[in-house]
Protein chains: 2
Amino acid sequence: MDVVSALKKLKDNGYKHTDKREDMLTLFSEEKRYLSAKEVLENLQDEYPGLSFDTIYRNLSLFEELEILEVTELNGEKRFRFSCETNHHHHHLICLQCGKTKHIDVCPMEDITLKASDFNVTGHKFEVYGYCSACQ
Amino acid sequence: MDVVSALKKLKDNGYKHTDKREDMLTLFSEEKRYLSAKEVLENLQDEYPGLSFDTIYRNLSLFEELEILEVTELNGEKRFRFSCETNHHHHHLICLQCGKTKHIDVCPMEDITLKASDFNVTGHKFEVYGYCSACQ
DNA sequence: ACATTAAATCGTAATCATTCTTAATAAAAA
DNA sequence: TTTTTATTAAGAATGATTACGATTTAATGT
């Protein structure tokens with residue numbers, strides 16, 4: 001995912017182009033890591049003094065819906081990151097300090113779904129937490 | 001984990017025995033599934049009319065600290081369940097409707113830690129969501 | 001059993017993340 | 001440029017969780 005194709009996706013789905021949306025997308029493209037709504041707000045507040053939380057949250061949800069961003073939940077707080085460019089199903093190592101991520105290519109789901117025949121599996125979460133080299 | 005050994009654990013760590021704590025533990029031992037703080041409150045309110053959220057939360061945290069309960073987070077809400085009796089490391093299938101769980105014996109963590117040599121891994125989460133046979 | 005002490009509880013207010021509402025504003029279409 | 005419709009600001013509302021001061025209760029020693 002990159003800013004240009006994200007903007008195209010917005011347009012293709014009938015949503016308008018705004019400076020705030022573009023700047024939010026640019027932020028995510030520069031910081032390839034999980035950011036909280038608050039972090040996003042703080043990053044854009046210099047440029048847009050009266051920027052409201054509502055705008056941030058509304059756009060984050062929209063981006064999630066359009067699969068521009070992916071979301072995870074940590075300590076009762078949602079965090080968003082740019083969707084990974086690869087179509088290849090994968091999971092992440094997530095730095096608890098800065099939100100930086102690394103790919104994990106193995107997926108533990110292969111066998112599970114079959115074994116759980118009397119359980120209708122609709123989703124899963126595999127995340128590994130710790131500290132990246134910069135934050136150790 | 002069972003009520004008797006949970007009560008013993010409380011005592012051994014210098015915490016007092018109260019009717020409310022025992023009833024909370026009994027509830028978890030009867031419902032072997034994830035419960036929210038609200039569900040716990042509602043279950044005990046008949047017996048204790050003036051029961052406060054503070055009491056529920058304080059005790060849930062205490063139980064978590066003593067590893068009497070284990071916790072997960074779903075849709076911005078903490079949910080607690082009796083710790084599994086087995087010492088064997090494992091994960092869960094979790095019913096999104098009723099919170100019922102089933103064991104998953106495979107653990108995807110075996111290789112990961114080694115491969116992530118420049119990443120200090122401190123924890124992980126592997127949960128599979130869906131609907132149990134009763135809730136489908 | 002009774003008094004003492006420290007922990008537990010109540011009732012309520014505060015907090016934090018998130019969502020909602022209404023009126024004003026700005027982008028796209030005609 | 002006007003109209004239409006989406007987007008935004010500002011702040012109130014919500015829902016889960018935590019914090020606080022005053023009161024009550026469980027454990028301990030006498």
Side-chain angles (χ1 to χ4, degrees), chain A residues 6-27 34-66 68-69 71-81 99, chain B residues 6-27 34-66 68-81 96 99:
Chain A
L7 288 173
K8 184 176 180 320
K9 209 171 207 174
L10 276 175
K11 187 167 189 180
D12 290 350
N13 287 80
Y15 295 102
K16 292 182 178 167
H17 176 283
T18 70
D19 288 351
K20 278 152 204 162
R21 282 182 176 161
E22 179 162 349
D23 283 5
M24 282 178 71
L25 292 168
T26 303
L27 174 62
Y34 278 106
L35 298 168
S36 65
K38 203 175 157 197
E39 284 178 290
V40 176
L41 181 75
E42 282 165 358
N43 261 285
L44 299 200
Q45 246 168 357
D46 294 341
E47 185 102 20
Y48 307 99
L51 184 58
S52 129
F53 255 117
D54 184 56
T55 302
I56 301 295
Y57 278 112
R58 195 169 11 76
N59 286 328
L60 287 175
S61 303
L62 175 62
F63 294 162
E64 189 193 345
E65 221 176 282
L66 296 178
I68 291 167
L69 297 180
V71 63
T72 188
E73 211 175 313
L74 200 56
N75 301 326
E77 199 181 38
K78 282 185 187 171
R79 291 175 178 233
F80 301 82
R81 58 157 287 147
Chain B
L7 287 173
K8 184 176 181 320
K9 208 170 206 174
L10 276 176
K11 187 168 190 178
D12 290 351
N13 286 82
Y15 295 102
K16 292 183 178 168
H17 175 284
T18 70
D19 289 351
K20 277 152 206 164
R21 282 182 176 163
E22 180 163 348
D23 283 6
M24 282 179 71
L25 292 168
T26 303
L27 174 63
Y34 279 106
L35 298 168
S36 65
K38 203 174 158 197
E39 284 179 289
V40 176
L41 182 74
E42 283 166 357
N43 261 284
L44 298 200
Q45 246 168 357
D46 294 342
E47 185 103 20
Y48 307 100
L51 184 58
S52 130
F53 257 118
D54 185 54
T55 303
I56 301 295
Y57 278 110
R58 196 169 10 76
N59 286 328
L60 287 175
S61 303
L62 176 61
F63 294 161
E64 188 193 346
E65 219 176 283
L66 296 177
I68 292 167
L69 296 181
E70 46 189 285
V71 64
T72 187
E73 212 174 311
L74 200 56
N75 300 327
E77 199 181 38
K78 282 186 186 171
R79 292 175 179 232
F80 301 83
R81 56 158 290 147
L96 292 166

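Below, chains carry the letters A, B, ... as their sequence lines are ordered, and counting in each starts from 1. Values in this document were obtained by computation on a predicted structure and should not be read as measured data.
- What separates CG of A:Leu41 from P of D:dG11 is a distance of 14 Å, to the nearest Å.
- Residue B:Asn59 has a polar side-chain atom (N or O) positioned under 4.0 Å from OP1 or OP2 of C:dT9.
- When the C1' atom of C:dA7 is taken as reference, atom NZ of B:Lys20 falls 13 Å away, rounded to whole Å.
- Contact between A:Ile56 and A:Met24 at its shortest, heavy atoms only, is O-CE, 3.8 Å.
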How would you summarise protein contacts on nucleotides 17-30 of chain C per nucleotide, using B for base, S for sugar-phosphate only and - for none, with heavy-atom distances below 4.0 Å? SBBBB-----BS--
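- Taking the ring pair (Phe, Tyr, Trp, His ring centres under 6.0 Å) definition, one finds that A:Phe53 meets it with A:Tyr57, sequence neighbours left out.
- As a whole-Å value, the separation of A:Leu51 CG from D:dT7 P is 15 Å.
- Between A:Tyr34 and A:Arg79, the shortest heavy-atom contact is CD2-O, 3.3 Å.
- Although no hydrogens or angles enter the test, the distance criterion places a donor-acceptor pair under 3.5 Å between the side chain of B:Lys9 and the main chain of B:Leu66.
- Between B:Arg58 and the phosphate of C:dA8, there is no side-chain N or O to OP1/OP2 separation shorter than 4.0 Å.
- Summarising the geometry, the separation between CG on B:Leu60 and C1' on D:dA16 is reported as 13 Å, rounded to the nearest angstrom.
- Among the heavy atoms of the strands lying under 4.0 Å from A:Arg21 are primed sugar atoms or P, OP1, OP2 only; no base atom is included.
- Between the CG atom of B:Leu62 and the P atom of D:dA26 there is a distance of 17 Å, rounded to whole Å.
- Taking the side chain as every heavy atom from C-beta outward, A:Leu60 and A:Val71 never approach each other to under 4.5 Å.
- Annotation: side chain of A:Leu62 is in contact with side chain of A:Leu10 (closest heavy-atom distance under 4.5 Å).
- Each salt bridge (Lys or Arg N to Asp or Glu O under 4.0 Å) pair with one or both residues in residues 14-26 of chain B, not counting sequence neighbours, would appear here, but there are none.
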Output a table of donor-acceptor pairs, distance under 3.5 Å, between side-chain atoms of residues 40-47 of chain A and any protein atom two or more places apart or on a different chain; print 'none' if there are none.
from    : atom 1 : to      : atom 2 : distance (Å)
A:Asn43 : ND2    : A:Glu39 : O      : 3.1

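- Atom-to-atom, CG of B:Asn75 to P of D:dT17 comes out at 12 Å; the value is rounded to the nearest Å.
- Rounded to an integer number of Å, the gap from B:Asn13 CG to D:dA26 P is 20 Å.
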Check nucleotides 22-24 of chain D for protein N or O atoms closer than 3.5 Å to its own N or O atoms and list the pairs.
none

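- Going from atom CD of B:Glu22 over to atom C1' of D:dA26 covers 14 Å, rounded to whole Å.
- Among residues two or more places apart in sequence or in another chain, the salt bridge (Lys or Arg N to Asp or Glu O under 4.0 Å) test is passed with A:Lys11 by none.
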